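Just so you know, these numbers come straight off a predicted model, no measurement behind them. Side-chain atoms are counted along with the backbone in the values below, which use heavy atoms only and exclude waters and symmetry mates.
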Amino acid sequence: MASLSLRHIYKKYPGGVTAVSDFNLEIKDKEFIVLVGPSGCGKSTTLRMIAGLEEISEGELFIGDRLVNDVAPKDRKIAMVFQNYALYPHMTVSENMAFGLKLNKTPKEEIKRRVEEAARILDITHLLDRKPKALSGGQKQRVALGRAIVRNPMVFLLDEPLSNLDAKLRATMRTELTKLHQRVETTFVYVTHDQVEAMTMASRIVVMKDGLIQQVDTPQHLYDNPVNMFVAGFIGTPQMNFINGSLVKKDEDVYFEFEGNSIKVPTEKANDPALAEYIGQEVVVGIRPESIHDQPAQISALEDSTVDAYVEVTELMGAEIYLYLTIGETRLTARVSPRSTSRAGDTIKIAIDTARMHIFDKDTEKCIVH
C-alpha cells in the first residue's frame with residue numbers, strides 16, 4: 001500500500017500548450033481520491049502522468065518514499081483501469097486477468113490463486129472461461145478490475161471506468177467499487193467528469209479547471225463550502241442558482257437587492273468582516289435548489305426572504321419536484337416536496353433560506369462568505 005505525493009507537477013506540450021499547471025496533492029495511504037472537472041481540464045493527463053504513460057514536464061512524483069519520475073510504468077507498482085476496458089478479445093477472462101502476471105514470470109500456481117481470488121471478490125468466477133465478446137458491459141468492467149487486482153498494486157488508477165455503462169448499472173458499479181476499495185485497502189485515484197460519482201465514492205475530491213486545482217476537500221465540505229463559483233456550480237445536482245444583485249445597508253441590517261426584491265442577509269453573515277467592503281457593491285448570491293421553498297409553513301418561517309416567482313416548468317422526480325422559476329431576468333431551480341401544489345403558469349410565493357446562502361465576488365468569482 002502507498003501514499004502518493006505530487007509536487008509542483010506540470011505537463012507542457014510542444015507549441016506552448018500547458019495541460020496541467022502547478023499540481024500539488026498529498027494522497028494518503030488507502031484514500032479514495034477522485035479528480036473531477038469538465039472535459040479538457042487536465043484530470044486524465046494527471047492520471048496518465050502518475051501511471052507513467054505521460055512524461056512529467058516539471059515537478060516531482062513520489063509513490064511512497066520513492067521518486068518515480070523516470071521509473072517505467074511496469075515498475076511503478078500501479079494498476080490502471082481504462083474507460084474502454086482494453087481486454088484482449090482472443091483470450092478468455094481467466095487469460096486476460098493472468099496476462100500481466102505471466103509477463104512478470106509469476107509461478108503458475110500463484111497466478112491461479114490470484115485469479116480465482118480476484119474472481120471471487122468480483123463475483124465473476126462463472127465467467128472465467130468466456131471470451132470478452134460474450135460479456136455484458138458490466139461484466140467486462142469487472143474483468144478489467146480483476147486484471148488490476150491480481151497484480152496487488154500499491155495504487156489503483158481508474159480513468160472514467162463507468163462512463164460506457166447505462167445509468168442503472170453505473171449506480172450499481174459505484175457501490176461495488178466502494179466495497180472493493182474497502183476490501184482491498186489500496187489507494188484509489190479515480191478520474192470522472194460525473195460529480196455524482198465523485199460525491200458518492202470519494203474520501204476527498206479534487207476539482208479541476210483549465211489544468212489547475214480549484215479545491216480539494218471532502219465531498220460534504222466541498223458541497224457546503226465551495227471556494228468559488230466554478231466549484232459551487234459544478235458540485236451538486238441540480239446545480240447551484242446564481243443571482244446577480246447588490247448589497248445594501250439599511251439601519252443596522254444588510255439586504256441583498258435583486259429584480260426589485262430585497263431579502264435580509266442573516267446577521268452572522270452580515271457581520272462577517274470579509275463582507276464589509278462589499279456593502280453598496282454588486283455581488284452574486286448562490287443558493288442551492290433545496291434551499292428554495294414553496295410550502296406555507298416554510299414561507300412563514302422565512303418571512304424576511306420571500307419573493308414572488310413565475311413557474312415556467314415543473315418536473316416530478318418521484319421523491320421531489322423540480323420547479324423552474326423566473327423572477328424578472330433571473331432564472332432559478334427549486335427542489336421542493338412532491339406534495340407541492342405549484343404548477344406551470346402559476347405565480348407563487350417562494351422563500352429563500354438565507355442561512356444557506358453563499359455570497360461571491362462578482363469579478364473574481366471567489367466566495368466572500370458561506
Side-chain angles (χ1 to χ4, degrees), residues 38 195-196 199 223-224 226 228-251 253-267 269-270 275 278-363 365 367-370:
Q195 52 94 22
V196 175
M199 288 292 288
Y223 188 82
D224 292 336
N228 58 32
M229 287 174 64
F230 175 79
V231 175
F234 196 84
I235 299 294
T237 307
Q239 78 161 47
M240 183 182 281
N241 297 291
F242 295 113
I243 310 169
N244 291 308
S246 302
L247 292 177
V248 177
K249 191 156 191 174
K250 298 176 186 174
D251 298 325
D253 296 321
V254 176
Y255 290 82
F256 175 65
E257 295 188 342
F258 72 103
E259 303 285 2
N261 297 291
S262 185
I263 61 175
K264 188 180 173 189
V265 177
T267 306
K269 294 185 195 292
L275 204 63
Y278 289 91
I279 305 299
Q281 305 289 323
E282 287 188 23
V283 293
V284 178
V285 158
I287 195 81
R288 297 274 182 205
E290 63 269 24
S291 298
I292 300 175
H293 307 289
D294 72 339
Q295 298 293 297
Q298 292 160 319
I299 289 169
S300 61
L302 297 165
E303 57 185 352
D304 284 336
S305 56
T306 60
V307 295
D308 292 329
Y310 177 75
V311 183
E312 286 201 318
V313 177
T314 64
E315 285 182 349
L316 176 62
M317 308 300 286
E320 58 202 4
I321 292 175
Y322 294 168
L323 303 181
Y324 296 92
L325 311 167
T326 56
I327 303 170
E329 297 296 310
T330 301
R331 293 178 178 275
L332 301 177
T333 305
R335 194 168 155 187
V336 299
S337 160
R339 294 180 294 280
S340 169
T341 56
S342 301
R343 297 290 177 265
D346 292 350
T347 296
I348 62 168
K349 195 169 281 297
I350 59 168
I352 295 170
D353 184 356
T354 51
R356 310 286 295 168
M357 78 194 311
H358 306 261
I359 304 175
F360 299 94
D361 184 300
K362 191 176 182 184
D363 298 321
E365 298 191 350
C367 192
I368 307 163
V369 294
H370 293 296

Inset, instruction - Apply ring-ring contact (aromatic ring centres under 6.0 Å, His included) to Y324 and list each qualifying residue two or more places apart in sequence or on a separate chain. - result: none
Legend entry - Flag, side chain of D251 to backbone of D253, donor-acceptor distance under 3.5 Å: no
Inset, instruction - Evaluate the side-chain proximity of I263 to V307: yes if any heavy-atom separation is below 4.5 Å, no if none is. - result: yes
Inset, instruction - With rounding to the nearest 0.5 Å, note down the distance linking CE in M357 to CE in M240. - result: 11.0 Å
Inset, instruction - State, with a plain yes or no, whether a side-chain heavy atom of V265 is found less than 4.5 Å away from one of L247. - result: yes
Legend entry - S305 (side chain) donor-acceptor with L302 (main chain) under 3.5 angstrom: yes
Inset, instruction - Could I get the full list of side-chain hydrogen bond (donor to acceptor under 3.5 Å, both in side chains) partners for Y255, not counting sequence neighbours? - result: none
Legend entry - Inter- and intrachain pairs under side-chain hydrogen bond (donor to acceptor under 3.5 Å, both in side chains), touching residues 234-248, at least two apart: Q195-T237
Legend entry - Within residues 281-322 or reaching into it, pairs that qualify as ring-ring contact (aromatic ring centres under 6.0 Å, His included) - sequence neighbours excluded: none
Legend entry - Any residue meeting side chain to side chain contact (heavy atoms under 4.5 Å, CB included) with A334, in chain and number order, not counting sequence neighbours: I292, L323, L325, V336
Inset, instruction - Mind jotting down which residue pairs meet the side-chain hydrogen bond (donor to acceptor under 3.5 Å, both in side chains) criterion with at least one end in residues 346-356? Sequence neighbours excluded, please. - result: D308-K349
Inset, instruction - Please confirm whether the backbone N or O of H370 pairs with a side-chain atom of K269, one donor and one acceptor, at under 3.5 Å? - result: yes
Inset, instruction - Tell me, please, which residues at least two apart from E320 pass salt bridge (Lys or Arg N to Asp or Glu O under 4.0 Å). - result: R335
Inset, instruction - To the nearest 0.5 Å, tell me how far C367 SG sits from I359 CD1. - result: 8.0 Å
Inset, instruction - Spell out, as yes or no, whether a donor-acceptor pair under 3.5 Å connects the side chain of R288 to the backbone of P238. - result: no
Legend entry - E312-T326 side chain donor-acceptor pair, cut-off 3.5 Å: no
Inset, instruction - With sequence neighbours left out, write down each residue that passes side-chain hydrogen bond (donor to acceptor under 3.5 Å, both in side chains) with T314, or none if nothing qualifies. - result: none
Inset, instruction - Check side-chain hydrogen bond (donor to acceptor under 3.5 Å, both in side chains) between K249 and all other residues, then give those that pass, not counting sequence neighbours. - result: none
Legend entry - Inter- and intrachain pairs under ring-ring contact (aromatic ring centres under 6.0 Å, His included), touching residues 230-250, at least two apart: F230-F234, F242-F360
Legend entry - More than 12 heavy atoms of other groups within 6.0 Å of E315 CD: yes
Legend entry - With E257 via salt bridge (Lys or Arg N to Asp or Glu O under 4.0 Å) - residues at least two apart: K250
Inset, instruction - Not counting sequence neighbours, which residues clear salt bridge (Lys or Arg N to Asp or Glu O under 4.0 Å) with E365? List them please. - result: none
